[in-house]
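Below you'll find the structure, written out as structure tokens, and then a few comments.
Indexing begins at 1, ligand by ligand and atom by atom, following the structure's order.
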Amino acid sequence: MVLEELKPFIKVVDTPLEVELEIPHLAYIEAKKREPKILLFTNPRDRGRPFEMPVVMNLFANREVVEAILGRPVEEIAKEIEELLKPTPPATLWEKVKFLGKLLPLRWTIPRRYRGSPRCQQQVWKGDEVDLFKLPVLKSWELDGGRFITIGQVYTRSLDGKIRNVGLYRLQLHSKNRLGLHWQIHKDGAHLFWEYKKAGKKMPVAVGIGGDPLYSWCATAPLPPGIFELALYGFIRRKPVQLAQCLTNPIEVPADLDIVIEGWCDPSQMEIEGMFGDHTGYYTLPEPFPVMEVTAITTARDPKYYATVVGKPPVEDKWLGYITERLFLPLLRTTIPDLVDYYLPENGVFHNLLLAKISPRYPGHSLQIAHALWGVGQMSFLKHAIFLPEEAPDLRKGEEVARFILNRFSPSALLISKGVVDQLDHSSDAPLVGGKVGVDATGPEVKREVTPLSDKELLKKMEEIDPQIVGVTQYFTDTANPVAVVEVVKREPMKKLFKKLAPLYPHLRIVIFINTPERENPYMLIWRVTNNIDGLRDIFIDGPVVGIDATNKGEIDNFPREWPPDVDPTPAVVQKLKELGLVELTDEELRKFQIV
Ligand SMILES: Cc1cc2nc3c(=O)[nH]c(=O)nc-3n(C[C@H](O)[C@H](O)[C@H](O)COP(=O)(O)O)c2cc1C
């Protein structure tokens, strides 16, 4: 597939805009619209200096685009995968023939060698001509440590050359020929890197940009180590990927890419990477990561530079995550057969919240499934999982689901455990390891024994107890477990404040403490709470009442790490885009998504 096939979904922005902040801010705002478009920026600038290459952003703009890129509904592909994984034994000759037909797609999963001059090598810059700053690479956020390639497909191979891998990692431009490689410690890219490090050998790396849009999703697919993600490309496209040989290293890349950056990574050298405004909506703090020395940049004759912007949800990665969620359900079900369906809400940034429908058959079944999820591949990064029975409402119907859960919740439904967390998680006391929370909402409804007060009355009583409390908003007061969101100006750990509220416990069940502005914004509240808590430290139980400390942590809490800042747009840039008539969100929407 080529970009032109997505023409009906593309909005062209001819206004000259800067690659630093302006282009990414506009793409960020576009992603919050009800029907976002793919944006084609024809006039990218670097402090006024024009680039030759246009910039494409929000490629996975909306559901229709996703379907166009996949070529058919994602559910249809999921069904094809399921049938392959769980074939019903053929009984008749006709069924046997049909079954063989089902195996045919497997031949498309094996890459082919491209013959001829590949599109991705129509122009070649080598040696002194190499200059990464000739590409319109963006700086997304004001506090970013520099410019980052944000949708680069990073192709690597194992030391013995037998295993190919592609992963999507951000890449920081350290200089005109040095690129930071942000493969996180748990990822296959990092596993391969360690092989080279142990052997003391340089690792060949190639970064692909553009080409068939499906490559970018494949690079994000959490396939087990040893399986080349472009096998999925062949399966979905119904034709094998065609790989071309790089010019200055042994890596092979799809022949139709727009841009290829070739080079070598010396595993003995690390460089500080970041900060970077990340998809958690928080910055990730500077940390050492490997670096690639660029030996060649090759491009198509008419290359486009593709980029994405991450930050607070919703952003483009919601659609990348959606494809993964749907296509990986049949794979997960091979190890967890009683997992009926699941949903990773975008405001839970994928690893912070999962809602799952299961078919429980014995006590502790949900606990078993929770532990299975926390042990499998990248699902092990998941912090919070809520289990519902099959008859629960559609998992995407937020309010109905919340009401269903709250009517079945009691502190005994909580499982708090410990495990690996995403490298980007900022909430755990130590990096990479933290709390896990499971909630079993598969049981019967519980008795409603709470006597809620109005928000006004509750606030008055709370203020009398402690002036740290500056606001209260309650949700679902008609359920067995109303949720009181308590805004504080924090002067002491929230555990102490929770205890002080004991006289009010008859009116309370779930109390969430925040010191940020999401009290009346449920969408961003879920984002903040699931991001900020470490279940081992931040959940307090007293009888039927549960306190949750979702505040930003710091010295008051004896938090041993640096708490990162929020990712927020630069006000002057938003104002300029507004003055140029490019912002199509209402002021209310801009406020809801914390853009202003
Ligand atoms: C927009 C976007 C940016 C990403 N950036 C990174 C990154 O910088 N580092 C990383 O390790 N994973 C990143 N990921 C997730 C990986 O692409 C994903 O975990 C992938 O499965 C890793 O592949 P691997 O296990 O083959 O290395 C990103 C995902 C998306 C959608």
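Taking CD of Glu346 as the reference point, atom CG of Leu353 lies at 11.5 Å (rounded to 0.5 Å). Distance check: Phe235 CZ to Glu80 CD gives 5.0 Å after rounding to the nearest 0.5 Å.
Residue His191 places no heavy atom under 4.0 Å from ligand 1. Heavy-atom distances between Leu171 and ligand 1 stay at or above 4.0 Å for every pair.
Tyr155 places no side-chain N or O within 3.5 Å of a backbone atom of Val205 that could act as its donor or acceptor partner.
Between Asp566 and Arg528, at least one side-chain N (NZ, or NE/NH1/NH2) sits under 4.0 Å from a carboxylate O, which counts as a salt bridge. Ion pair Glu584/Lys11 flagged as a salt bridge, since at least one NZ, NE, NH1 or NH2 atom sits closer than 4.0 Å to an Asp/Glu carboxylate oxygen. Salt-bridge check for Lys553 with Asp534: failed, with every basic side-chain N at 4.0 Å or more from each acidic carboxylate O.
Cation-pi geometry between Lys32 and Tyr28 is satisfied (NZ or CZ under 6.0 Å from the ring centre, within 45° of the ring normal). With a 6.0 Å cutoff to the six-membered ring centre and a 45° limit on the axis angle, Lys592 counts as a cation-pi contact of Tyr523. Cation-pi geometry between Arg45 and Phe51 is not met: the NZ or CZ atom fails to fall both under 6.0 Å from the ring centre and inside 45° of the normal.
Below 4.0 Å from some heavy atom of Val166 lie the following atoms of ligand 1, by number and element: 26 (O). Atoms of ligand 1 found under 4.0 Å from any heavy atom of Leu320, numbered from 1 in the order shown, are 31 (C). If you number the atoms of ligand 1 from 1 as listed, the ones under 4.0 Å from a heavy atom of Pro222 come out as 21 (O). Of all atoms in ligand 1, numbered sequentially from 1 with element shown, those under 4.0 Å from a heavy atom of Gly189 are 27 (O). Short contacts between ligand 1 and Ala221, defined as distances under 4.0 Å to a heavy atom of the residue, involve ligand atoms 21 (O). Set against the non-hydrogen atoms of Arg170, the atoms of ligand 1 under 4.0 Å away are 5 (N), 7 (C), 8 (O).
The shortest N or O to N or O distance between Glu229 and ligand 1 is under 3.5 Å. For ligand 1, the polar-atom distance check finds an N/O of His182 within less than 3.5 Å of one of the ligand's N/O atoms. Residue contacts with ligand 1: Val310 is placed with no nitrogen or oxygen under 3.5 Å of a nitrogen or oxygen of the ligand (distance criterion only).
Each of Leu257, Asp258, Val2 was checked for a side-chain contact (heavy atoms from CB on, under 4.5 Å) with Arg119, and the lone residue meeting it is Asp258.
Among all protein heavy atoms, the one lying closest to atom 15 (C) of ligand 1 is Lys187 NZ, 3.6 Å. Atom 2 (C) of ligand 1 has Leu168 CD2, 3.5 Å as its closest protein atom, hydrogens excluded (heavy atom only). Atom 19 (O) of ligand 1 has Gln378 OE1, 2.7 Å as its closest protein atom, hydrogens excluded (heavy atom only). Nearest to atom 27 (O) of ligand 1 among the protein's heavy atoms is Tyr169 OH, 2.5 Å. The protein non-hydrogen atom at the shortest distance from atom 23 (O) of ligand 1 is Gly167 CA, 3.7 Å. Shortest contact from atom 25 (O) of ligand 1 to any protein heavy atom: Asp188 N, 2.9 Å. Nearest protein heavy-atom contact of atom 18 (C) of ligand 1 is Thr220 O, 3.6 Å.
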Start with the C-alpha gap between Lys201 and Glu195, add the side-chain angles, then the distance that decides, and say whether salt bridge (charged side-chain N to carboxylate O under 4.0 Å, His left out) holds.
CA-CA 9 Å; Lys201 294 213 164 133; Glu195 285 184 7; over 6 Å; no

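Between Ile209 and Ile149, the closest side-chain pair of non-hydrogen atoms falls below 4.5 Å.
The part of Ala219 lying near ligand 1 is the backbone, judged by heavy-atom distances below 4.0 Å.
Compare Gln172, Gln184, Glu273 by their heavy atoms: the one nearest to atom 10 (C) of ligand 1 is in Gln184.
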